[in-house]
Amino acid sequence: MALSIPVTWSDAHRLHAPGTAVWVGVRIDADELPERAESIRTALEEAGARIVPAVPHPDGPLLAVHDVGLVEFLRTAWESWQAGGMPEASGADEVVGYIYPTAGLLGGLDPHVPTALSARTGSWAFDTMTPVGEGTWEAARAAVDVALTAADLVLDGAPAAYACCRPPGHHVTRSAYGGSCYLNNAAVSAQYLRDRGKSRVAVVDLDAHHGNGAQAIFWDRDDVLTASVHVDPGAGWFPHFLGFGDESGTANVNLPLPPGSGDAIWLAAVDRLAATVAEHESEALVVALGVDAAAGDPNSPLGVTEDGYREAGRLLGALDLPTVVVQEGGYVLDTIGMLVRATLEGFESTR
Ligand SMILES: [Zn+2]
């Protein structure tokens, strides 16, 4: 049976094509590539899904979850970097930070806005692996429109919509970007659903890495539940500093899993997250769908299969809530499309 879930899309994702990222001081090949979204689109079109072009939205929904300073930095960073001569002066053809105002450095003082362009990135970035290149802003901003267009479809009565967002967004907090993410597409969608009448919303994050962004953004609120299953950061995995089981905001659940966890353990956790959504009495659901928990994805040591993702889709579909599915991670080009397709097919099998 053809997939009936509409797939929202923007060609603008192709404008963000980082060549390299900096990790522990060395340049490494980027893996958050345009081919990811293209592979997903191909697999979903083959399954019969309908592609819906993203509709531009004003900045209001974006600024409802992000600091205006972060948004303006990302909007202008590349231009400023060029205008300030950074590529010639430093050899850096993309915007990357080098000094970070950690709590220990500041000792309780408010940081000044750095004069040097080389330092300004540290005000907003939390890592060096998330470069801002020539088309990064346009792509990231379009990804927000992709997510909001999916949310509009759901608000207009579609049972669910899938937002083929790229770059991903789930690591971005109110005022800090990183983890290959620039703007938090899932969090923007959740707040948008809230502001348009859904009194309680849940964000369930299936990406292999902790959904620290939504956790931070909605930490002290009970109207937006944030629930994440991911590889245990305590076992040495990104985002390292956060994502532990004892972090409990007002409505927040983390289920960190040991490396090597496969379908049985992972699906039991997804089932627990679904039960938490039911207890929260959410009226709408946002799924931050990363497929990097799959066996064979070098970015995580989890071992979820395609059938595992299909079953996860079924568990979340059975909640019978208006649902926006937002694409996050997943880095194996040969399998990313089939994993997303399996999840959406599982989701639809319940409807
Ligand atoms: Zn991930």
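Nothing here was measured: the structure is a model prediction, and the numbers come from that model. Residue numbers count from 1 along this sequence. Both counts, for ligands and for their atoms, begin at 1 and track the order of listing.
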**Student:** Only N/O/S atoms count here: what is the atom of D292 closest to the Zn ion (ligand 1) called?
**Tutor:** OD2

**Student:** Verify whether the ring centers belonging to W266 and Y309 lie closer than 6.0 Å.
**Tutor:** yes

**Student:** Mind checking what makes side-chain contact (heavy atoms from CB on, under 4.5 Å) contact with T121, not counting sequence neighbours?
**Tutor:** F73, W81, V95, A125, Y177

**Student:** Taking only residues two or more places apart in sequence or in another chain, which ones pass side chain to side chain donor-acceptor pair (under 3.5 Å) with R120?
**Tutor:** none

**Student:** Any N/O/S atom, backbone or side chain, of H209 lying under 2.8 Å from the Zn ion (ligand 1)?
**Tutor:** yes

**Student:** Please answer whether the main-chain N or O of G243 pairs with a side-chain N or O of E247 as donor and acceptor at a distance below 3.5 Å.
**Tutor:** yes

**Student:** Nearest to the Zn ion (ligand 1), which N, O or S atom of D207 do we find?
**Tutor:** OD1

